[in-house]
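Proteins get letters first, then strands, A, B, ... in listed order; numbering begins at 1 in each. Reckoned from all heavy atoms, side chains included, excluding hydrogens, waters and symmetry mates.
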Amino acid sequence: MAACSIVWFRRDLRLEDNPALVAAARAGSVIPVFIWCPAEDGQFHPGRVSRWWLKQSLIHLDTSLRSLGSPLIMRKAHSSLTVLLEIAEATGATQVFFNHLYDPVSLVRDHGVKQGLAECGISVHTSNGDLLNEPWEVYDDEGQAFTVFNAYWQKCLNMPSEPEAPLLPPRRLTGPIGKIVSYSAEELGLEDLSEKSSNALLARAWCPGWSHANKSLEAFLRGALLEYATDRQKVDGVTTSLLSPHLHFGELSVRKLFYEVHTKQFAWTREGSTVGEQNVTLFLRSIGLREYSRYLSFHFPFTHERSLLANLKSFPWRVDEGYFKAWRQGRTGYPLVDAGMRELWATGWLHNRIRVVVSSFCVKFLQLPWRWGMKYFWDTLLDADLESDVLGWQYISGSLPDGHELDRMDNPQLEGYRFDPDGEYVRRWLPELSRLPNEWIHHPWDAPLSALRAAGVELGTNYPRPIVEIGVARERLQASLAEMWEKEAALKASLANGMEEGLGETTEVPGTGGPSHERMDVHRVVVRRFAPHSGSFPRDQLVPDLPTESQQQAAASIMHQSIPIEEDIASTATMPPPVPSASAGMSLVGVSNPLEGHVRGSVDRSQSAQAAVPILDLDLNSTAESVVAGGRTESESGAVPIWSPSVPGQVQQQASAECLVPEVADVQQGGFSRRLTQSMLRVNQGAMASNKQDSEDDFFVPKREGKWKRTVKQQAKRNC
DNA sequence: ATTCAATTTTG
DNA sequence: AAAATTGAA
């Protein structure tokens with residue numbers, strides 16, 4: 001009898017160019033499995049729109065697998081491993097195939113699953129189904145992981161071997177013998193009853209599912225790609241590929257996308273069409289950014305909670321839930337920002353330009369911790385993607401060597417006139433401003449009273465005044481930077497003291513000399529590598545095991561927890577350590593165990609690294625840092641306040657939680673009904689529970705000393 | 001050819 | 001916001 005294999009589908013919901021599926025089909029009969037396992041997602045439980053997409057995509061995949069002869073087995077569980085083992089036992093399957101994922105949660109989970117399966121004598125075969133190049137195949141000349149995008153992408157484009165042509169879908173599949181327990185997509189509970197009406201509207205704009213993804217690709221190749229270079233500036237209309245949700249769930253293989261676009265490029269190059277070539281280069285670059293996001297996530301698996309640059313750890317984030325709320329609701333008083341936030345809320349979609357605008361505003365004007373914004377994006381975006389969003393938020397928040405500077409403050413008014421010159425975008429999403437003439441549409445606060453009155457706008461009532469003036473925001477940001485440097489200096493001094501008292505050289509951080517803000521230290525996690533000349537790279541997924549908080553949480557919930565799903569989610573989201581910023585400040589001095597205040601989920605990384613896996617060499621940076629971490633105080637902002645329930649289980653907790661925000665009377669809690677109608681845009685948000693998680697958090701440092709001096713000068717000039 | 005201003009690009 | 005590029009004078 002032929003071997004029987006499980007294909008574990010995750011975010012590769014397609015039949016075409018799916019290496020795991022093809023390999024399994026070659027080996028014999030195939031059991032396609034999808035496991036819905038929210039317990040393993042920890043704080044990164046997918047939001048409503050994302051779950052809607054997933055559900056539709058699963059239905060679609062199931063239909064096509066059925067027609068090939070082996071329906072999709074769908075299960076809901078607390079542990080992926082348990083389900084895989086159970087199915088293996090029930091069917092006698094001896095092998096499991098799956099494609100690699102690179103987000104921090106998956107890296108740890110898959111590592112555990114692989115070990116667990118191996119211990120039970122089941123062989124595991126994993127493939128690359130998500131990237132052009134595996135992260136461990138691309139290094140710089142010194143053998144180090146890249147930390148800037150351009151160099152990385154150049155290297156990728158010049159790899160010795162061209163990416164292979166995409167694989168065809170299997171013609172037919174042999175299913176398992178006998179019947180296996182399976183849920184229907186409906187029974188997985190991906191969509192709450194209260195969410196259905198809102199979700200119904202999504203179906204008008206989007207068609208999840210791998211064959212629809214292929215159609216979208218076709219449409220893009222014949223449509224927006226032709227004008228991509230020029231049109232991608234425009235914030236309005238269909239100027240981009242709109243493929244990102246398809247890509248997130250792996251309905252479309254990046255390899256195929258690359259292949260198709262590349263083929264076009266050949267044609268255009270032959271015809272000497274420089275415009276066409278330009279289009280393709282630009283589009284492929286955005287594919288490159290997606291690759292890079294996976295690359296970073298793999299090589300720097302802490303970047304979902306800490307900036308890539310190891311400096312700037314003492315930046316005083318503003319832990320202000322009122323600001324956070326105003327931002328989410330699109331009530332900042334800056335029309336372009338508000339329009340973007342309303343569109344996000346209503347549709348789950350934003351043009352990349354607008355994502356940059358609103359996220360910059362969040363970080364620079366409001367000084368909210370970027371992780372808060374990132375979490376909100378995760379909860380609301382249709383194409384929410386952990387790796388891409390981490391990259392995006394680090395990019396705008398001064399956390400990357402090649403990203404925006406921290407003190408770069410883009411002016412939303414100017415951006416408004418650049419990206420939305422006619423104000424159409426703003427008018428669409430801010431109906432209250434729709435009658436305002438172009439002249440004032442992006443800065444209503446300057447408009448004469450008569451103009452406002454004529455347009456039916458009453459600032460402060462109808463539409464808010466700017467939540468913070470640009471000049472004030474700028475000064476505040478500079479002050480915060482100054483504060484940060486002071487703290488950093490103090491920190492360094494105390495660290496130096498500590499060393500004299502016996503820690504010795506072990507805490508020495510390479511490159512410590514010189515002004516700290518001149519350095520651009522990147523936190524490195526050393527992943528075991530194989531000598532380039534040793535022939536082929538390992539085909540298996542490597543796992544850098546830096547046990548960061550949420551990885552540990554995730555890992556813990558995989559392995560040990562057995563609480564009912566709903567409770568579990570609610571607890572990971574709300575239980576967190578009650579370390580309100582006020583009391584945290586007191587724990588600064590005289591804490592015997594520096595990690596005490598951190599409660600659950602936070603563990604001395606130097607210890608846990610040892611306890612964990614030998615693959616990893618933690619470098620000294622991290623060790624030094626874990627010592628320091630416990631002493632940090634009010635800039636603790638790692639905790640992301642809950643902005644709205646993403647699971648029914650949370651609703652009650654929320655209702656009882658105090659709403660910290662006075663202003664705007666909130667309509668409706670708990671219900672997730674947002675609609676595409678404008679009247680509903682008047683804001684409906686759940687209340688926020690204050691959720692002060694312990695926080696290792698975001699830190700970073702400006703990059704050049706010159707920059708600081710210059711900004712001081714500019715400030716002086718402004719003052720004159 | 002040279003300079004300055006405007007525009008575009010920047011991960 | 002700043003650097004790089006283009007274009008007009």
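The separation between A/L414 atom CG and B/dT9 atom P is 18 Å, rounded to whole Å. C/dA1 atom C1' lies 12 Å from atom CZ of A/F365, rounded to whole Å. Between A/I396 atom CD1 and B/dT10 atom C1' the separation is 15 Å, expressed in whole Å. Between the NZ atom of A/K364 and the C1' atom of C/dA1 there is a distance of 9 Å, rounded to whole Å. One interatomic measurement links the two molecules: CD of A/Q278 to C1' of B/dT10, which rounds to 14 Å at whole-angstrom precision. The CD atom of A/E415 sits 14 Å away from the P atom of C/dA2 (whole-angstrom rounding). The interatomic distance linking A/K234 (NZ) with B/dT8 (P) rounds to 12 Å, in whole Å. Atom-to-atom, CZ of A/F419 to P of B/dT10 comes out at 13 Å; the value is rounded to the nearest Å.
Within the 4.0 angstrom heavy-atom criterion, base atoms lie near A/L391. In this structure, A/G288 reaches neither bases nor backbone, as no heavy-atom distance under 4.0 Å exists between it and the strands shown. Looking at heavy-atom distances under 4.0 Å, A/R355 makes no contact with the nucleic acid at all. Contact annotation for A/R418: base contact, defined as any heavy-atom pair under 4.0 Å involving a base atom.
Between A/F300 and A/F302, the ring planes are perpendicular. Angles over 60° get that label, and only those under 30° would be called parallel. Ring geometry for A/Y152 against A/Y295 counts as tilted: the plane angle lies between 30° and 60°, on a 0 to 90° scale.
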**Request:** Under the salt bridge (charged side-chain N to carboxylate O under 4.0 Å, His left out) rule, what do A/D379 and A/R328 come out as? Steps first, then yes or no, please.
**Result:** CA-CA 11 Å; A/D379 287 334; A/R328 293 187 323 251; over 6 Å; no
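Regarding contacts with the backbone of C/dA2, every side-chain N or O of A/R408 stays at 4.0 angstrom or more from both OP1 and OP2. Of the side-chain N and O atoms in A/R474, one or more sit less than 4.0 angstrom from OP1 or OP2 of C/dA1.
A side-chain donor from one of A/S480 and A/Q367 sits under 3.5 Å from a side-chain acceptor of the other.
A/Y102 pairs in a side chain to side chain donor-acceptor pair (under 3.5 Å) with only one of the listed residues (A/E134, A/H299, A/E387), which is A/E134.
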